[in-house]
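Okay, structure first, notes after.
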Amino acid sequence: AFVDGELRGVANMEYVDKVDGFLVYLTIFSEVATGEEIQLKVYDASTGLLHENVTPEVSFNTNDVLGNLTDPTDIVADDVIGKEIELNAGWNWVSFNVEDTDLGIVKDLFDDFGNEGDIVKNQSYFDLYDASAGWFGTLTLNGGFQVGDAYKVHVSENAVIQLKGQPADVSSNSITISAGWNYVGYVPQEKMTLAEALVSYNPQEDDVIKTENSFAIYSEELGWAGSLENMEPGQGYMLYANGSGTLTFPERASLASRNLQEVAEPEMEMLFQPAANEAGTNMSVVAMLDNQSGIDLTGDEVLVAYADDDVVGFAYATIFDGNVLYFLSVSAEEEAELSFTIYDVASEVHRPISSKISYQSDDILGDLRTPQMLLLREEKLPLADILVAPNPFSDQLKINLYLYTAGELDIQLIDLNGRMVIDKHMFIEEQGNAEIRLTDEVAQLPAGLYILLIAHEGNVSRVKLNKE
């Protein structure tokens, strides 16, 4: 039970012996005695659908009782469902599986949000947000949103897309796949494994499907493998096809896939926070380490990608067919030079990787049989990569680093005007992990952007920092 979108009561169906049937005992709360209009909704746990059009219409009256054991009030729901798609500030890849009447006009569906510079686009068209005109552009002029298509939405602050309508019919929303990249929307109402969702599609060797931050690659011998394992409602996808064909999603999930609706997937610990580039594109890398360092790796390490000093992607190790692979999604500016470290979670040590690659939007490097090799060798660098937290910071900074040699260490903090606001000099007596804390020095600094310089044995590292 809802009043203006606020939950006022919830109850489950239960079997009652005395009437040999299922009843709902629903208690509805209010802070007023009478007059509030109650909207009833029905959630179907077997499909995960929330039915919006429900009768009867109810007005709140304190201490009223509707129905009884012998003459219960019938609650009737039709096929109209409601859905929400949450948008995080930045880029979001979305799709729609509800026949909402607002899909045809972007500004109607996006009526609740928008700021100057926000944009939504598919493979061919886009709309921009304007303070006076709202959402408008070639996407609106060409029919707005379509079921089966995917869209990239960039918003400057968190928002929610509200959908209401009939569930989309998967059989009448087949998707034509052309050679090259295709924007693919997810049409079913239930989450499915990747293999089950794409069962009607005839993939070829090295086809790729991806989201903003994960992907899978196809092998005729081994099937789909990668960091993307499931497809789900609301998510938008890009599919790279080496041939052409048609994709028609299954109408219902198998019993195995339906279990995915009930068991929440464990979220990987977000050790790093990569930011999407301005274009909302990414690059997929199937990587393997060429370990010439003599260092014993456990397989629990994290591969981290950088452009300049910014983290632009990371991947946990995946054991596939006996090999340790990293399915890395990277988002950087075009042709940026990417460098890498391998991060040991237990010791919190970054080890530099010698190999570098150039960022290319929507490029695919490596595959399951011939991954992109990244060279890890024992380089006696005086100063390893640095982990600085928190960033943004307020009243303290913790600097963790690994020194290959003992010696002098200089730490400087430079503001945007080039002024040195912190200058610390110290001597580290032995090699290994070192931790430096800055408290009083940073607490009094004004908010803004700073550059942290750390120098040791002629080696200088730079880290961009933001003071809140």
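Keep in mind it's a predicted model, so treat the numbers as computed, not measured.
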TODO: Output, in order, the C-alpha distance, side-chain angles, deciding distance and verdict of ring-ring contact (aromatic ring centres under 6.0 Å, His included) for Tyr237 and Phe215.
DONE: CA-CA 9 Å; Tyr237 299 88; Phe215 73 96; over 10 Å; no

TODO: Kindly give the heavy-atom pair with the smallest separation between Asp367 and Val286, and that separation in Å.
DONE: O-CG1, 3.5 Å

Task: Side-chain donor or acceptor of Asp44 paired with backbone N/O of Leu49 under 3.5 Å - done: no

- [ ] Using a strict 4.0 Å threshold on nitrogen-to-oxygen distance, state whether Glu221 and Arg369 make a salt bridge.
- [x] yes

Task: Flag side-chain contact, heavy atom, 4.5 Å: Asn242 against Asp206 - done: yes

Open item on the list: Whether the side chain of Ser200 engages the backbone of Thr248 through a donor-acceptor N/O pair (distance < 3.5 Å, no angle test) should be reported.
Closed with: yes

Task: Between Gln162 and Lys83: side-chain donor-acceptor atoms closer than 3.5 Å - done: no

- [ ] Report the relative orientation of the aromatic rings in Phe113 and Trp135; use parallel for angles under 30°, tilted for 30 to 60°, perpendicular for over 60°.
- [x] perpendicular

Open item on the list: Quick check on side-chain hydrogen bond (donor to acceptor under 3.5 Å, both in side chains): which of Glu334, Glu333, Glu335 does Ser361 satisfy it with?
Closed with: Glu334

Task: Polar side-chain atom of Glu212 near backbone of Trp93 as donor-acceptor pair, under 3.5 Å - done: yes

Task: Donor-acceptor contact present, side-chain Asn173 to main-chain Ser171, <3.5 Å - done: no

TODO: Quick one: closest heavy-atom pair of Ala307 and Leu338, and the distance?
DONE: CB-CD2, 4.2 Å

Open item on the list: Both conditions, 6.0 Å and 45 degrees, for the charged tip of Lys210 above the ring of Trp181: are they met here?
Closed with: yes

Open item on the list: Checking side-chain polar atoms at under 3.5 Å, does Asn115 have a donor or acceptor matched by the opposite partner on Ser156?
Closed with: yes

TODO: Output, in order, the C-alpha distance, side-chain angles, deciding distance and verdict of side-chain hydrogen bond (donor to acceptor under 3.5 Å, both in side chains) for Ser227 and Ser214.
DONE: CA-CA 5 Å; Ser227 52; Ser214 61; 4.7 Å; no

Task: Test: Arg351 and Asp344 ion pair at under 4.0 Å - done: no

- [ ] Using distance alone, with no hydrogens and no angle criterion, decide if Glu435 and Asn433 have a side-chain donor and acceptor under 3.5 Å apart.
- [x] no

Task: Within-4.5 Å side-chain heavy-atom neighbours: Val184 and Met238 - done: no

- [ ] Consider only side-chain N and O atoms of Ser331 and Asn282, and report whether a donor and an acceptor are under 3.5 Å apart.
- [x] no

Open item on the list: In terms of relative ring orientation, are Phe249 and Tyr186 parallel, tilted or perpendicular, with 30° and 60° separating the classes?
Closed with: perpendicular

TODO: Would you kindly say whether Thr281 and Tyr359 are connected by a side-chain donor-acceptor distance under 3.5 Å?
DONE: yes

Open item on the list: Tell me if the CD atom of Glu86 is crowded by more than 12 foreign heavy atoms within 6.0 Å.
Closed with: no

Task: Asn202, CG atom: more than 12 neighbouring heavy atoms under 6.0 Å - done: no

- [ ] Compute whether any side-chain donor of one residue and acceptor of the other, for Asp207 and Tyr201, lie under 3.5 angstrom apart.
- [x] yes

Task: Tyr306/Phe340 aromatic ring centres below 6.0 Å - done: no

TODO: Spell out, as yes or no, whether a donor-acceptor pair under 3.5 Å connects the side chain of Asp308 to the backbone of Asp310.
DONE: no

TODO: Test the Lys107-Phe136 pair against the cation-pi criterion, namely NZ or CZ under 6.0 angstrom from the six-membered ring centroid and within 45° of the ring axis.
DONE: no

TODO: With the side chain counted from C-beta on, respond yes when Trp224 and Glu229 share a heavy-atom pair under 4.5 Å apart, and no when they do not.
DONE: no

